[in-house]
Protein chains: 2
Amino acid sequence: MSPKLIDKTEKCNEIASAALYLFAKKGYAATSVGQIAEAAGIGKGTVYEYFPSKEDIFVHAINAWMMDLINRMVEKTRNIENPVDRLKAFIEMVKDVLNVEEPDPKKLFADIDQQTFMPGGAFYKRRHIIKDMRAAFCDLVVDILLDGVSKKVFKPEIARDVSKIAINLLAYLDGICMHYLIMEEYQEFEDQIDFYIRGFVDYITI
Amino acid sequence: MSPKLIDKTEKCNEIASAALYLFAKKGYAATSVGQIAEAAGIGKGTVYEYFPSKEDIFVHAINAWMMDLINRMVEKTRNIENPVDRLKAFIEMVKDVLNVEEPDPKKLFADIDQQTFMPGGAFYKRRHIIKDMRAAFCDLVVDILLDGVSKKVFKPEIARDVSKIAINLLAYLDGICMHYLIMEEYQEFEDQIDFYIRGFVDYITI
DNA sequence: AAGAACCGACTGATGGTTCGGAAGAATACG
DNA sequence: CGTATTCTTCCGAACCATCAGTCGGTTCTT
């Protein structure tokens, strides 16, 4: 009637986790379902007991990865009292994400864009997932900024445009990270961010 | 001895141009060599008389596209006297690029990143092409800024950090364009840029 | 007639998805 | 207690579709 019961959710996570590692290592297209199965220690057919398609594995894996990322960022910056330090800690985390070697995050980013923009891509009809992720990052920055305003460290007038400012800061970080990933000069990358953030902090602090 | 002579270069450009249209419409992976041949009005085998591989078609097509883009930008901004207007004209062109409908540029950008970051990608071992393109854009911005300094419209002290400033501006534009492409809200996009540029111009003008 | 230009059928490899059935565990029954 | 039954879980061989790239031959120009 009801033999061997398995925690489907847990197994899904295991498969997605193994898959994420491969996606980050070789890219989505170059990773076959057979390799995912092998990495997860199961048979190819079994994968399809837990996911209807390769695309769904990607969506699940990326979703978990991004959620984890944003959670860690919120956690790490939550208890920093000084708003300027908190902002800088956030930026430091953004920089750190890029320097993970083994499962290479830049491949994940490239694949996410690909799957978001191409018709038929895994995220093409689930763009809301990507949008929600961006919104979560934006919320964190807004929170840091408003915290600074309430502590009388940042100018009160930035509260009015706080979401514009947050989006612009995130856009800059996005762009400069991309610049670094292409140009591959870490020192320049750090200098650029320092230069920018100095101006930014000057602009928002009282 | 020397029969039918064809302008190889010209034919290469024709094929690449037909290919670019398809790449921008359906993406690199979803475009087959057969479709490129059909679009160019030739047979599949003929394509291989002009290009050794599909990847080379992509490199050639993207190269031509980016060159044309940068040339048009230089051309359009060359004769604007007022440095602030010139800067704004440049930004206007960047915005315009995103709004080309038919051969969708965002798919090209996604494919370029893909082919640059993935081992074995068309640009993976030719990253210098992408780097050079970015450098060309940077040069244009630097030129605009220094022109403004020499015309006593922009602060003289920005000359020292002019290349840092240019890269940061381009990074911001990159990032905010990506933001727009994902979020798909044009009004917000324009407001964000306006907001940023107002601050930027304030910061650099005397 | 020589060689440049062209062509599309063919090849070979790849990889997502399906499927028929094996292995195993809980229950039902004799 | 042992056997049959039933349903879950697992599996990898086989199926199928898709192309990038090749090749042998045709057409065209000089």
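So you know, we letter chains A, B, ... as the sequences are listed, proteins then strands, and number each from 1. All values reported here derive from a predicted model rather than from experimental measurement. When reading the values below, keep in mind they use all heavy atoms of this one structure, side chains included, and skip hydrogens, waters and symmetry mates.
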Holding to salt bridge (charged side-chain N to carboxylate O under 4.0 Å, His left out), I want the full list of residues that pass it with A:Asp56, two or more places apart in sequence or in another chain.
A:Arg126
Just to verify, what does A:Glu38 make a salt bridge (charged side-chain N to carboxylate O under 4.0 Å, His left out) with, not counting sequence neighbours?
none
Between A:Arg134 and A:Asp174, is the closest basic N to carboxylate O distance under 4.0 Å?
yes
List for me each residue that meets ring pair (Phe, Tyr, Trp, His ring centres under 6.0 Å) alongside B:His179, sequence neighbours excluded, and say none if there are none.
none
Is B:Lys11 near enough to C:dC6 that one of its side-chain N or O atoms lies under 4.0 angstrom from OP1 or OP2?
yes
Where along nucleotides 14-21 of chain C does protein come under 4.0 Å, by heavy atom, of base (B) or sugar-phosphate alone (S), with - for untouched nucleotides?
--BBB---
Run the side chain to side chain contact (heavy atoms under 4.5 Å, CB included) test against B:Asp139 and tell me which residues pass, sequence neighbours left out.
none
Between P of D:dA20 and CG of B:Asp56, the distance in whole Å:
14 Å
Could you tell me how far apart B:Ile36 (CD1) and D:dC19 (P) are, to the nearest whole angstrom?
12 Å
Partners passing side chain to side chain donor-acceptor pair (under 3.5 Å) against B:Asp113 (at least two apart in sequence or in another chain):
none
Using a cut-off of strictly less than 4.0 Å between a heavy atom of the residue and any atom of DNA chain C, enumerate the qualifying residues of residues 112-121 of chain B by number.
none
Residues forming a salt bridge (charged side-chain N to carboxylate O under 4.0 Å, His left out) with A:Glu101, sequence neighbours excluded
none
Which part of the nucleic acid, if any, lies within reach of A:Phe51 when heavy atoms closer than 4.0 Å are counted: base, sugar-phosphate only, or nothing?
nothing
Is the shortest distance from a Lys or Arg side-chain nitrogen in A:Arg72 or A:Glu75 to a carboxylate oxygen in the other one below 4.0 Å?
no
By nearest-heavy-atom nucleotide on DNA chain D, the more 5' of A:Ile42 and B:Gln35 is A:Ile42
For A:Lys11, the salt bridge (charged side-chain N to carboxylate O under 4.0 Å, His left out) test, sequence neighbours excluded, returns none
At under 4.0 Å, does any side-chain N or O of A:Thr46 touch on OP1 or OP2 of D:dC11?
yes
What side-chain donor-acceptor pairs closer than 3.5 Å can you find for residues 191-204 of chain B, not counting sequence neighbours?
{"unit_1": "B:Asp191", "atom_1": "OD1", "unit_2": "B:Gln187", "atom_2": "NE2", "d": "3.1"}
{"unit_1": "B:Gln192", "atom_1": "NE2", "unit_2": "A:Lys164", "atom_2": "O", "d": "3.1"}
{"unit_1": "B:Gln192", "atom_1": "NE2", "unit_2": "A:Asn168", "atom_2": "OD1", "d": "2.8"}

Whole-Å gap separating P (D:dC19) and CD1 (B:Ile57)
14 Å
Atom OH of B:Tyr50 and atom C1' of D:dG21: how far apart are they, to the nearest Å?
18 Å
Do any side-chain atoms of residues 20-28 of chain A form donor-acceptor pairs under 3.5 angstrom with protein atoms, and if so which ones, sequence neighbours left out?
{"unit_1": "A:Tyr21", "atom_1": "OH", "unit_2": "A:Glu102", "atom_2": "OE2", "d": "2.9"}
{"unit_1": "A:Lys26", "atom_1": "NZ", "unit_2": "A:Gln35", "atom_2": "OE1", "d": "3.3"}
{"unit_1": "A:Tyr28", "atom_1": "OH", "unit_2": "A:Glu55", "atom_2": "N", "d": "3.4"}

So which protein N/O to nucleotides 11-13 of chain C N/O distances come out below 3.5 Å?
none

